[in-house]
A.B. asks: 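This structure is in structure tokens; I'll ask about it shortly.
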Protein chains: 2
Amino acid sequence: MYDISHILYIYSLFIMRTSKDILNCKYCVYRNLLFGELDDKEYEIINNARTEYVFKRGEVIKKEGERINSFLYMRKGLVKLYKTDRRGKDQILSINKPGDFINLLNIFSNAAYKYSIAALEETLVCDVRLDAFIDVVKNNSDFALSVLNRISKISDETIERRFSLAQKQIKGRVANILLFLAEDVYRKNKFRLPVTRREVGELVSMTTENIIRTFSEFRKDGIIDLDGKVITILDFKRLKNIDKTG
Amino acid sequence: MYDISHILYIYSLFIMRTSKDILNCKYCVYRNLLFGELDDKEYEIINNARTEYVFKRGEVIKKEGERINSFLYMRKGLVKLYKTDRRGKDQILSINKPGDFINLLNIFSNAAYKYSIAALEETLVCDVRLDAFIDVVKNNSDFALSVLNRISKISDETIERRFSLAQKQIKGRVANILLFLAEDVYRKNKFRLPVTRREVGELVSMTTENIIRTFSEFRKDGIIDLDGKVITILDFKRLKNIDKTG
DNA sequence: AATGATGTATGATATATCTCATATTTTATA
DNA sequence: TATAAAATATGAGATATATCATACATCATT
């Protein structure tokens with residue numbers, strides 16, 4: 001249930017409150033996670049090309065079409081990747097948490113962002129200038145291989161998630177995102193839904209009304225408890241069964 | 001319409017019929033496409049770790065769950081990536097053509113294939129032992145970066161394809177796959193459908209009956225012509241419009 | 001050439017999901 | 001704090017898609 005990245009994440013919150021060296025990568029708990037293969041000199045290159053930003057809930061971090069000129073990663077928070085169609089309707093590709101590289105998907109294959117990125121909670125982002133990042137990748141193939149591993153893993157997860165969504169009906173889709181939030185994001189059975197019902201619909205390609213109806217149904221069936229945005233999962237077993245079969 | 005990989009592909013068919021050196025990478029038209037960054041020595045490592053296989057239509061190349069111990073790429077043919085559920089029903093993730101690296105998706109992130117691979121047409125596959133491949137990646141960061149680019153591009157395409165499928169209705173989905181086959185795979189307005197109607201359904205998450213009905217409707221509307229498996233696209237403009245809006 | 005299995009085709013009906021309408025609650029902003 | 005805007009909630013009816021049934025065509029195999 002608690003993997004290394006989560007432990008590091010909790011640890012980072014602690015460090016953030018006790019150290020003034022946060023702005024230097026040397027003391028960042030993500031160092032080992034992301035940049036473990038780098039020597040001090042390479043490390044310094046990254047650190048010098050790096051800026052930290054804080055985004056409040058609702059703020060747009062990147063807009064689709066914007067030129068990619070940095071490597072972004074999250075140290076804290078939660079974001080959504082999404083597209084807006086001509087009529088202004090959004091479709092959400094994924095919800096990403098610290099440890100996912102926010103723009104890793106497009107960074108090596110595209111000059112511009114294919115998806116917009118917005119913060120769902122207060123989000124702390126590290127921004128490394130792309131030229132410096134690529135420079136280090138080019139000169140350190142262990143690091144390149146490590147990036148290869150991560151990009152591959154994140155892509156795989158996104159593909160798997162979208163793929164499995166396709167054969168699910170609405171109940172299965174809602175069960176799936178509830179389990180994702182409870183198990184992968186918050187690691188608690190009680191959490192504040194970081195998105196509106198409409199956004200859940202935008203993520204799983206369903207209407208807002210049907211998301212609301214399904215939430216209500218799950219509540220009536222005793223699978224979850226609802227209090228506005230606060231959701232408590234009461235019956236993981238049944239929810240998992242719906243996820244698998246529905 | 002005709003990009004470099006397609007020209008190389010056509011050229012490779014020519015080469016295959018006129019040269020006995022096909023088994024040596026040195027004369028493979030994919031050398032520049034895949035291994036352009038390698039020096040002769042690295043090249044030799046790849047070549048020595050390489051085997052060629054021919055698969056007939058319908059043959060399974062890899063089964064999901066099978067251990068990944070080679071890097072596979074297609075020189076000719078067409079394959080599908082798919083999963084089979086407990087009840088024996090297939091769901092197709094993607095149809096891939098030469099130039100796509102067949103197992104690139106999982107190779108760096110997973111020990112085992114997440115999807116089965118089967119040939120839809122006679123397919124020529126090069127199989128490079130993974131240890132040799134990774135060895136070269138580790139020692140040549142230009143090559144690593146190039147692989148990074150490609151893996152990223154292919155993943156992006158798969159994600160984009162599954163993502164756009166989600167908001168489409170059945171007509172849009174069928175239009176989309178017809179355009180994919182006509183424009184990306186065969187580059188002709190008349191082609192033999194390489195899959196059954198059932199498989200189209202497995203790819204776009206629709207029932208066989210509805211795929212058949214939609215084909216019939218497109219025919220009645222004069223958008224396509226149907227003769228068994230041979231499909232002729234008569235009205236690209238309308239089909240593209242359905243793809244976009246439906 | 002005969003035979004069974006699979007694929008293609010179409011209609012009728014059932015089911016899932018969407019749309020539209022309306023009411024209430026919560027949130028954002030003046 | 002007042003007010004508007006957005007979010008939540010629920011029902012009724014419309015639409016899209018699935019399921020079931022049946023018929024015929026095609027393909028592989030004997």
Side-chain angles (χ1 to χ4, degrees), chain A residues 56-59 80 87-92 118-121 165-178 192-221 224-231 242 245-246, chain B residues 56-59 80 85 87-92 118 120-121 165-178 192-221 224-231 242 245-246:
Chain A
K56 275 179 279 189
R57 190 155 73 88
E59 282 188 306
K80 65 175 177 180
R87 277 161 289 173
K89 269 198 73 179
D90 285 355
Q91 191 191 357
I92 298 177
L120 298 174
E121 297 173 352
L165 205 68
Q167 18 114 233
K168 284 185 201 302
Q169 309 210 122
I170 187 164
K171 283 183 206 176
R173 297 184 188 196
V174 172
N176 188 265
I177 188 183
L178 289 178
R192 185 182 176 283
L193 196 68
V195 289
T196 63
R197 270 77 163 158
R198 179 168 53 77
E199 285 174 310
V200 175
E202 287 167 358
L203 178 60
V204 302
S205 300
M206 293 285 155
T207 55
T208 309
E209 292 96 322
N210 277 333
I211 301 298
I212 291 170
R213 267 187 264 271
T214 308
F215 277 3
S216 296
E217 200 181 326
F218 284 177
R219 178 174 46 71
K220 279 173 200 152
D221 290 349
I224 64 171
D225 188 50
L226 276 176
D227 179 18
K229 283 211 176 296
V230 178
I231 292 182
I242 293 169
T245 61
Chain B
K56 275 180 279 190
R57 188 155 74 87
E59 283 188 307
K80 66 174 176 181
D85 70 16
R87 278 160 289 173
K89 268 197 75 178
D90 285 355
Q91 190 192 359
I92 298 177
L120 298 173
E121 298 172 353
L165 205 69
Q167 19 112 232
K168 285 184 203 299
Q169 308 210 119
I170 187 163
K171 282 182 204 178
R173 296 185 187 195
V174 172
N176 188 265
I177 188 183
L178 288 178
R192 185 182 176 282
L193 196 69
V195 289
T196 64
R197 270 74 164 160
R198 180 168 53 77
E199 285 174 310
V200 175
E202 287 167 0
L203 177 61
V204 303
S205 300
M206 295 284 155
T207 56
T208 308
E209 293 95 321
N210 278 333
I211 299 298
I212 291 171
R213 265 188 263 272
T214 308
F215 277 3
S216 296
E217 200 181 325
F218 283 177
R219 179 175 46 71
K220 280 173 200 150
D221 290 347
I224 64 172
D225 187 52
L226 277 175
D227 180 17
K229 281 212 176 297
V230 178
I231 292 182
I242 293 168
T245 62

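Below, read A as the first sequence line, B as the second, and so on, with proteins coming before strands; counting in each chain starts at 1.
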A.B. asks: Starting the side chain at C-beta, find the nucleotide from D:dA7, D:dT10, C:dT17 nearest to A:Arg219.
C.D. replies: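 Nearest to the side chain of A:Arg219 among the choices is D:dT10.
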A.B. asks: Can you find a side chain N or O atom of A:Arg197 that sits less than 4.0 Å from OP1 or OP2 on D:dA7?
C.D. replies: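 No, outside the criterion.
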A.B. asks: Ignoring backbone atoms, establish whether B:Ser216 has a side-chain N or O less than 4.0 Å from OP1 or OP2 of C:dT10.
C.D. replies: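 B:Ser216 to C:dT10 OP1/OP2: side-chain N or O found under 4.0 Å.
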A.B. asks: State which residue, out of A:Thr214, A:Ile242, A:Ile224, A:Asn210, fulfils the side-chain contact (heavy atoms from CB on, under 4.5 Å) condition with A:Val174.
C.D. replies: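 Only one option passes, and that is A:Thr214.
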A.B. asks: Figure out the CD1/C1' separation between B:Ile211 and D:dA18, and round it to whole Å.
C.D. replies: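 Checked: the CD1 to C1' distance equals 12 Å.
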A.B. asks: Looking at B:Arg198 and B:Glu202, is any side-chain nitrogen of the basic one under 4.0 Å from a carboxylate oxygen of the acidic one?
C.D. replies: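 Salt bridge between B:Glu202 and B:Arg198, a charged N being under 4.0 Å from a carboxylate O: yes.
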A.B. asks: Can a side chain N or O of B:Lys229 be found less than 4.0 Å away from OP1 or OP2 on D:dT26?
C.D. replies: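 Checking D:dT26 against B:Lys229, no side-chain N or O comes under 4.0 Å of OP1 or OP2.
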A.B. asks: Should the side chain of A:Arg213 and the base of C:dT19 be counted as holding a donor-acceptor pair, with the cut-off at 3.5 Å?
C.D. replies: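 Flag set: donor-acceptor pair detected.
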A.B. asks: Does A:Lys229 reach the main-chain N or O of A:Val195 with its side chain, forming a donor-acceptor pair under 3.5 Å?
C.D. replies: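 At least one qualifying donor-acceptor pair exists.
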A.B. asks: Can you name the nearest heavy-atom pair linking B:Ala166 to A:Gln91, along with the distance?
C.D. replies: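 Reported closest heavy-atom pair: CB-NE2, 3.8 Å.
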A.B. asks: Tell me the interatomic distance from B:Arg198, atom CZ, to C:dT6, atom C1', rounded to whole angstroms.
C.D. replies: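 About 8 Å, once rounded to whole Å.
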A.B. asks: Of the listed nucleotides (C:dC18, D:dA16, D:dA28), which one gets closest to any side-chain atom of B:Arg57?
C.D. replies: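 Among the listed nucleotides, the one closest to the side chain of B:Arg57 is D:dA28.
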A.B. asks: Among C:dT17, D:dA7, C:dA9, which nucleotide sits nearest the side chain of A:Gln169?
C.D. replies: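 Within the option list, the nearest is C:dT17.
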A.B. asks: Starting from C1' on D:dT15, measure out to CE on A:Met206 and report it in whole angstrom.
C.D. replies: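 Between C1' of D:dT15 and CE of A:Met206: 15 Å.
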A.B. asks: Rounded to the nearest angstrom, tell me the gap between atom CD1 in B:Ile231 and atom P in C:dG7.
C.D. replies: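 It is 16 Å, rounded to the nearest whole Å.
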A.B. asks: Would you kindly give the CD1-to-C1' distance between A:Ile224 and D:dA9, to the nearest whole Å?
C.D. replies: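 After rounding, the reported distance stands at 14 Å.
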A.B. asks: For the pair made of CD in B:Gln167 and P in D:dT17, what is the distance, rounded to whole Å?
C.D. replies: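 Whole-Å distance recorded here is 13 Å.
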A.B. asks: State whether the distance check finds a donor on one side and an acceptor on the other, under 3.5 Å, for side chain A:Glu209 versus base C:dC18.
C.D. replies: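 Donor-acceptor pair under 3.5 Å: no.
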A.B. asks: Using only side-chain N and O atoms of A:Asn210, determine if any of them is under 4.0 Å from OP1 or OP2 of C:dC18.
C.D. replies: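 A:Asn210 to C:dC18 OP1/OP2: side-chain N or O found under 4.0 Å.
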A.B. asks: Between atom CG in A:Asp227 and atom C1' in D:dA7, what is the gap in whole Å?
C.D. replies: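 Rounded to the whole Å, the gap is 15 Å.
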A.B. asks: From C:dG11, C:dT8, D:dT8, pick the nucleotide closest to the side chain of B:Ile212?
C.D. replies: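 Of C:dG11, C:dT8, D:dT8, C:dT8 is nearest to the side chain of B:Ile212.
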A.B. asks: Judged by atom type as modelled, is there a donor-acceptor pair below 3.5 Å linking the side chain of A:Arg173 to the main-chain atoms of A:Val204?
C.D. replies: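 Confirmed, A:Arg173 side chain pairs with A:Val204 backbone.
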A.B. asks: Taking for each residue the nucleotide of DNA chain C bearing the nearest heavy atom, is the 5' side occupied by B:Thr208 or by A:Thr207?
C.D. replies: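 The answer here is B:Thr208.
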A.B. asks: Mind calculating the distance between CD1 (B:Ile170) and C1' (D:dT19) to the nearest angstrom?
C.D. replies: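 Taking atom C1' of D:dT19 as the reference, CD1 of B:Ile170 is at 14 Å.
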